[in-house]
Each structure stands twice: as C-alpha cells, then as structure tokens.
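As structure tokens, the structure follows; a few thoughts come after it.
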Amino acid sequence: GVQLVESGGGSVQAGGSLRLSCKASGLSFHDSGMGWYRQAPGNECELVYIVSEDGETYTSPSVKGRFTISQDSAKNTVYLQMNNLKPEDTAVYYCAAPPRPRSGGSCRKTSAEFNYWGQGTQVAVSS
C-alpha cells in the first residue's frame, strides 16, 4: 500500500529553522504532486504549500518568503525548509497526496478527502 511518513519536527526558538521531510512509499510524488498542511491549536486546517504533478506551486501568504520546498526524486521525498520560524508556525504539519487546495475545519476531517495523508509531525516555536 501507499504510505506517507513525515519527520523532522521539533522545538525551536523564534527565528530558527527546521526541515520537514515527507517520504512516500508506493507512490511517486513526481506523478501525483503533494501538499503540506498544518493545524495549530485552536486554528483551522491550513494549506501551507502545494506542488502539483506538473510542477506548479502554491505557497500560503503566511509562509511566503520563509518556507520552501525541495524534492529528492531518488528518495521519493519532499522537504519543507522552514526558516525564520515564528510562534504562529507552531502546529502539526501533515503531507498529503495528491494535493488539494483545501483549508478550513479539522485536518483530521479534511484528510478524508485525500487519497493519502501522513501521520503528522509536531513543530513548536517558542518566542
């Protein structure tokens, strides 16, 4: 079966950096595209970044200029490089495929609309 596994979360101070990874097995991100989503405590599920199967990208205005995506096709892994982190970036981050331009509500409920959804990785940014 297909599995998406996120890793790389942790605790950092504001201004710091983290790199999240989303590794896929049984699926090629090159063929499907993928998206990163996050849910902060008390907030709705937020679309962070999408890269489509034809390479088009979407970046949430809340992270533009700070977060970037890169891919290692050989490892079938997508990385979310997060720089200049802010306390409001504190959230559980999820990857999903194929990507959908969805935000709002609970990420757990939203995940039902996706073919594949990872288990999430926690990011905590302290001020």
Side-chain angles (χ1 to χ4, degrees):
V2 173
Q3 193 174 18
L4 303 182
V5 179
E6 302 97 334
S7 61
S11 298
V12 295
Q13 290 191 325
S17 298
L18 284 173
R19 189 178 76 160
L20 305 185
S21 302
C22 176
K23 181 172 176 59
S25 57
L27 171 144
S28 168
F29 284 140
H30 179 76
D31 295 333
S32 71
M34 64 87 63
W36 284 99
Y37 305 80
R38 68 183 181 183
Q39 184 141 38
N43 287 7
E44 295 189 318
C45 192
E46 179 187 5
L47 167 61
V48 176
Y49 211 113
I50 278 180
V51 54
S52 69
E53 68 274 17
D54 53 7
E56 292 189 11
T57 61
Y58 166 83
T59 310
S60 169
S62 64
V63 306
K64 203 159 194 173
R66 301 187 297 120
F67 291 14
T68 56
I69 273 192
S70 62
Q71 299 187 49
D72 185 333
S73 298
K75 295 181 179 180
N76 208 20
T77 299
V78 172
Y79 302 98
L80 182 67
Q81 179 66 44
M82 308 187 296
N83 297 327
N84 191 20
L85 282 161
K86 303 176 180 180
E88 51 264 42
D89 295 318
T90 294
V92 179
Y93 285 72
Y94 302 92
C95 63
R100 294 178 184 268
R102 283 278 287 113
S103 286
S106 160
C107 278
R108 288 195 180 276
K109 286 187 177 179
T110 297
S111 68
E113 301 179 24
F114 291 77
N115 289 6
Y116 309 107
W117 187 273
Q119 85 287 352
T121 187
Q122 176 73 54
V123 170
V125 184
S126 58
S127 57

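What you see below is based on every heavy atom in this structure, not just the backbone, and it leaves out hydrogens, waters and symmetry mates.
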For this session: Assess whether side-chain contact (heavy atoms from CB on, under 4.5 Å) is satisfied between V78 and M34, documenting all intermediate values.
Result: CA-CA 8 Å; V78 172; M34 64 87 63; 3.7 Å; yes

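- A donor-acceptor contact shorter than 3.5 Å links the side chain of K23 to the backbone of K75.
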Problem set entry | Residues V92, T121; criterion side-chain contact (heavy atoms from CB on, under 4.5 Å); working and verdict | CA-CA 5 Å; V92 179; T121 187; over 6 Å; no

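- Annotation: side chain of S106 is in contact with side chain of Q39 (closest heavy-atom distance under 4.5 Å).
- Judged purely by distance below 3.5 Å, without hydrogens or angles, the side chains of E44 and S103 never pair a donor atom with an acceptor atom.
- Contact record, F29 with C22: CE1-O, 3.4 Å, taken as the closest heavy-atom pair.
- Clustering ILVMFWY residues whenever any of their side-chain heavy atoms sit less than 4.5 angstrom apart, transitively, puts V123 in the very cluster that holds Y49.
- Taking all atoms of both residues into account, the shortest heavy-atom contact from C45 to T110 is CB-OG1, 4.4 Å.
- Taking hydrophobic clusters as Ile, Leu, Val, Met, Phe, Trp and Tyr residues chained together by side-chain heavy-atom distances below 4.5 Å, V2 does not share a cluster with V5.
- Atom OG in S11 sits 11.0 Å away from atom CG in L85 (nearest 0.5 Å).
- Under the 4.0 Å criterion applied to side-chain N and carboxylate O atoms, E113 and R102 are assigned as salt-bridge partners.
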Problem set entry | T77 and D72: CA distance, side-chain angles, deciding distance, side-chain hydrogen bond (donor to acceptor under 3.5 Å, both in side chains) verdict | CA-CA 5 Å; T77 299; D72 185 333; over 6 Å; no

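- Distance alone, capped at 3.5 Å, is enough to place a donor-acceptor pair between the E6 side chain and the G120 backbone.
- A distance of 8.0 Å separates CZ of R38 from CD of E88, quoted to the nearest 0.5 Å.
- In this structure, F114 and C95 have side chains that are not in contact, with every pair of non-hydrogen atoms separated by 4.5 Å or more.
- Grouping the Ile, Leu, Val, Met, Phe, Trp and Tyr side chains by contacts below 4.5 angstrom, directly or via other members, places L20 with V51.
- Between the CG atom in N115 and the CG atom in L27 there is a gap of 8.5 Å [rounded to 0.5 Å].
- When all heavy atoms of Q81 and S17 are compared, the pair lying nearest together is NE2-CB, 3.9 Å.
- Taking all atoms of both residues into account, the shortest heavy-atom contact from S52 to P99 is CA-CG, 4.5 Å.
- There is no path of hydrophobic side-chain contacts, each under 4.5 Å, that joins M82 to I50.
- The closest side-chain heavy-atom distance from S62 to E46 is below 4.5 Å.
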For this session: Dump the intermediate steps for side-chain contact (heavy atoms from CB on, under 4.5 Å) on N76 and Q71, then the final yes or no.
Result: CA-CA 7 Å; N76 208 20; Q71 299 187 49; over 6 Å; no

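- Remark: C107 SG to N43 CG distance equals 10.5 Å, nearest 0.5 Å.
- Of all non-hydrogen atoms in A97 and S32, the two that sit nearest each other are CB-OG, 3.8 Å.
- Evaluated for a ring-ring contact (aromatic ring centres under 6.0 Å, His included) with Y94, the options W117, Y116, Y37 yield exactly one hit, W117.
- Looking only at atom types and distance, the side chain of Y79 has no donor-acceptor partner in the side chain of R19 under 3.5 Å away.
- Using a 4.5 Å heavy-atom cutoff, the side chains of R66 and N84 are in contact.
- With hydrogens and angles disregarded, a donor-acceptor distance shorter than 3.5 Å links the side chain of T90 to the backbone of V125.
- Summarising the geometry of S127 relative to P87, their closest heavy-atom pair is CB-CG, 3.9 Å, with the distance given to 0.1 Å.
- When hydrophobic clusters are built by joining Ile, Leu, Val, Met, Phe, Trp and Tyr residues whose side-chain heavy atoms come closer than 4.5 Å, directly or via intermediates, V48 is grouped together with I69.
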